[in-house]
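Structure first, then comments.
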Amino acid sequence: MKLLVWNDGQVVEASNFVRPASYVLQRIHTIGYRAHNLSRHILIMREATARLYGYMSLCKVEDAERIITKLLELCRVSPSLSCAVAMRLDPYGHLSFEVEMPTYYEGMTMRAKRLRAVSILAECSGELAQTSVTVALDDMCDSRVLGRGDVALWVDAEGNVVSRPWRPIFAIYRGKVYTPKEFESVEYVTTCAAIAKLDLRLEVRPIPLSVLLKMDEVFMVDVMGVTSFVTVDKRSMFYVNTSQIANRMEPHR
């Protein structure tokens, strides 16, 4: 299959697409050529561009849905596989949709590989959505822990765990779920809905790293699924409740 990009009305191969230097990003989960939670993604994109660029995105849900469906068909993505489509908007109003490599699984689920998290000092400036800056910062922080772990767990100057809209952090202790901050992101809202289906109690409160290391389970969520941590700073974690939460997350086939 060829990975393609819709770039301001033109369809090009992803290998020939030059990403803008600055952009706002929403990664959209699709399966069966259907984009899930698209209305919320569009709303967040509008709010983020208004805040960062001083204008509000004019992209309509129905237009985005039509573009995404056609693009997936052209790429010949198997309808049975989950696939992310990255929607980007730059400061000049240029819009693009990029099809990413499909995953092997169907719908939202827990990834087979559990990652080793290593805490690092990092501050969050409160972005509503991913941008070119946050993508680069995520990559940089994750690279800082290579050799010691797989992914960086952000901790602020006060020693509290940092959670972000596109990568919210959740911790479980004796059947109760904790998270440091509420968001309007698809990743956060989808997780909360799954937690509610299990009748688990969710409490939003600051989580010091010292407390997190005493938790039973810790996981993070992105738009394509749940990643359970096998260790946090070498402290072993379980994944029983995390697995149940992942199994109840939308979208389902």
Side-chain angles (χ1 to χ4, degrees), residues 3 19 25-29 81-84 86 98 100-125 127 129-157 159-173 177-181 183 185-188 190-191 194-195 207-247 249:
L3 297 181
R19 294 175 183 172
L25 168 69
Q26 284 290 285
R27 294 180 70 237
I28 301 162
H29 184 276
L81 297 180
S82 287
C83 184
E98 179 178 2
E100 299 179 359
M101 187 62 69
T103 64
Y104 67 90
Y105 58 83
E106 301 180 8
M108 291 284 286
T109 186
M110 188 167 73
R111 292 181 170 89
K113 183 178 180 180
R114 301 178 65 209
L115 301 184
R116 299 167 298 155
V118 177
S119 61
I120 64 169
L121 179 63
E123 295 291 343
C124 184
S125 57
E127 293 87 348
Q130 280 183 289
T131 67
S132 50
V133 174
T134 68
V135 170
L137 190 57
D138 280 347
D139 290 343
M140 182 187 71
C141 288
D142 287 344
S143 69
R144 285 172 54 189
V145 304
L146 291 180
R148 296 181 292 141
D150 303 302
V151 64
L153 178 71
W154 290 24
V155 178
D156 64 21
N160 294 318
V161 173
V162 175
S163 186
R164 289 157 291 159
W166 55 91
R167 204 187 257 191
I169 299 292
F170 296 85
I172 303 174
Y173 183 70
V177 187
Y178 300 87
T179 191
K181 191 174 181 179
F183 301 108
S185 66
V186 170
E187 295 86 343
Y188 182 85
T190 302
T191 308
I195 291 170
I207 304 177
L209 178 62
S210 59
V211 173
L212 188 83
L213 294 176
K214 297 177 182 179
M215 295 289 181
D216 300 320
E217 306 174 42
V218 180
F219 66 95
M220 70 178 182
V221 182
D222 62 35
V223 77
M224 294 300 290
V226 177
T227 299
S228 174
F229 296 148
V230 64
T231 59
V232 176
D233 288 350
K234 297 185 178 181
R235 199 271 191 188
S236 297
M237 299 286 172
F238 299 103
Y239 60 98
V240 176
N241 288 285
T242 301
S243 180
Q244 293 179 0
I245 291 169
N247 289 338
M249 290 179 71

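Nothing fancy with the numbering, it's 1 onward along the sequence.
Listed by chain and residue number, Arg167 satisfy the salt bridge (Lys or Arg N to Asp or Glu O under 4.0 Å) test with Asp142 (two or more places apart in sequence, or in another chain). For Tyr188, the ring-ring contact (aromatic ring centres under 6.0 Å, His included) partners are Phe170, Phe183, not counting sequence neighbours. Applying the salt bridge (Lys or Arg N to Asp or Glu O under 4.0 Å) criterion to Glu217, with sequence neighbours excluded, gives no partner residue. In terms of the side-chain contact (heavy atoms from CB on, under 4.5 Å) criterion, residue partners of Leu81 (sequence neighbours excluded) are, by chain and number, Ser78, Pro102. Listed by chain and residue number, nothing satisfies the side chain to side chain donor-acceptor pair (under 3.5 Å) test with Arg144 (two or more places apart in sequence, or in another chain).
Taking every heavy atom of both residues into account, Leu25 and Ala129 meet most closely at O-CB, 4.0 Å. Scanning both residues, Ala152 and Cys141, for their nearest heavy atoms gives CB-O, 3.4 Å. Across Ala122 and Val162, no two heavy atoms sit closer than the pair O-CG2, 3.8 Å. Among all heavy-atom pairs drawn from Ile245 and Ala194, the shortest one is O-CB, 3.5 Å. Shown here for Arg164 and Trp154, the closest heavy-atom pair between the two residues is NH1-CZ2, 3.3 Å. Residues Met108 and Asp222 come closest through the heavy atom pair CE-O, 3.7 Å.
The backbone N or O of Val186 sits less than 3.5 Å from a side-chain atom of Thr190, completing a donor-acceptor pair.
Counting heavy atoms from C-beta on, the side chains of Leu153 and Leu209 come closer than 4.5 Å. The shortest side-chain heavy-atom distance between Val232 and Leu212 falls under the 4.5 Å cut-off. Between Ser82 and Met224 there is a side-chain heavy-atom pair separated by less than 4.5 Å.
Within the model, atoms NE2 of His29 and SG of Cys83 stand 9.0 Å from one another, a figure rounded to the nearest 0.5 Å. One distance of note links CZ of Phe219 with OG of Ser243; it measures 11.0 Å at 0.5 Å rounding. Remark: Ser228 OG to Met220 CE distance equals 10.5 Å, nearest 0.5 Å. One finds the OG atom of Ser119 at 7.0 Å from the CG atom of Leu213 (value rounded to the nearest 0.5 Å). Here OG1 of Thr227 is found 9.5 Å from CE of Met110. Values are rounded to the nearest 0.5 Å. Expressed to the nearest 0.5 Å, how far CE of Met140 lies from CD1 of Ile120 amounts to 7.5 Å.
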Ser125 and Glu123: CA distance, side-chain angles, deciding distance, side-chain contact (heavy atoms from CB on, under 4.5 Å) verdict: CA-CA 7 Å; Ser125 57; Glu123 295 291 343; over 6 Å; no
Can you check side-chain contact (heavy atoms from CB on, under 4.5 Å) on Thr109 and Val226, steps first, answer last? CA-CA 6 Å; Thr109 186; Val226 177; over 6 Å; no
Chi angles and distances behind the side-chain contact (heavy atoms from CB on, under 4.5 Å) call for Trp166, Arg27: CA-CA 9 Å; Trp166 55 91; Arg27 294 180 70 237; over 6 Å; no
Using the side-chain contact (heavy atoms from CB on, under 4.5 Å) rule, take Ile172 and Met215 through it: C-alpha gap first, then chi angles, then the decisive distance, then the call. CA-CA 6 Å; Ile172 303 174; Met215 295 289 181; over 6 Å; no
Please step through side-chain hydrogen bond (donor to acceptor under 3.5 Å, both in side chains) for the pair Arg116 and Thr231, ending with a clear verdict. CA-CA 5 Å; Arg116 299 167 298 155; Thr231 59; 5.6 Å; no
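The 12-atom threshold is exceeded at OH of Tyr105, counting heavy atoms of other residues, nucleotides or ligands nearer than 6.0 Å.
Pairs engaging residues 224-247 under the salt bridge (charged side-chain N to carboxylate O under 4.0 Å, His left out) rule: none recorded [sequence neighbours left out].
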